[in-house]
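Reviewing the structure listed below.
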Amino acid sequence: MNETITILEFLQQNASWICGFGMLVFALVQVCLMFAQGRQQLRLKRLELVQQLDEVAFEFDGYPSSAEKVQEWLGKHQSVCALLLKKKDVKTVEVLFNYLMAVRRDNGLITTQILIERVTKFNTLVNEVTKCLGTA
């Protein structure tokens, strides 16, 4: 019985410190949750951007007209890409954009072999952008 009174006295005398500590722990948990939610929102935005890129990339067939469509999409989403990618990974989007510009500027004869090479190179570059978005 005496021990119970001692514990109660201790709790009564130190209630403000105990409450303060509890509030600190609660605030810390809230901050951790806020950061976790922010990271989750960024992941969802990156996933959405990757899905949109996949949709526009699906239409690329190697001809300059399809390169123009993909390049137009990249131009419209360049700020989002820049914000969602790590600084060093923004270069992958620039490389893709420059490749599409080269496709558009090529006035040579377009053969089936050239189209296959363009699509293969394009897929490699898009996969690199997708990988960078997925790991950012």
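Between F21 and V25, some side-chain heavy-atom pair lies under the 4.5 Å cut-off. A 4.5 Å side-chain heavy-atom check between R39 and L42 finds every atom pair outside the cut-off. Contact check for L96 versus F122: side-chain heavy atoms found under the 4.5 Å cut-off.
The cluster map of Ile, Leu, Val, Met, Phe, Trp and Tyr, joined by side-chain heavy atoms under 4.5 Å apart, puts V29 and F26 in different clusters. F58 and L115 end up in different hydrophobic clusters when Ile, Leu, Val, Met, Phe, Trp and Tyr side chains are linked at under 4.5 Å. No continuous path of ILVMFWY side-chain contacts below 4.5 Å connects L47 to V126, so the two sit in separate hydrophobic clusters.
Across F60 and V119, no two heavy atoms sit closer than the pair CE2-CA, 4.0 Å. Nearest heavy-atom pair across W73 and Q52 is CZ2-CB, 3.6 Å. Shortest non-hydrogen contact noted between E128 and T92 is CG-CG2, 3.7 Å.
Legend: residues meeting side-chain contact (heavy atoms from CB on, under 4.5 Å) with V93, ordered by chain and number and at least two apart, are L74, C81, L85, V129.
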- Task: Dump the intermediate steps for side chain to side chain donor-acceptor pair (under 3.5 Å) on Q41 and Q37, then the final yes or no.
- Result: CA-CA 6 Å; Q41 288 288 16; Q37 288 173 339; over 6 Å; no
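For the residue pair Q51 and E55, no side-chain donor N or O sits within less than 3.5 Å of a side-chain acceptor on the partner.
Sequence neighbours left out, the pairs with a member in residues 103-114 that pass salt bridge (Lys or Arg N to Asp or Glu O under 4.0 Å) are D106-R118.
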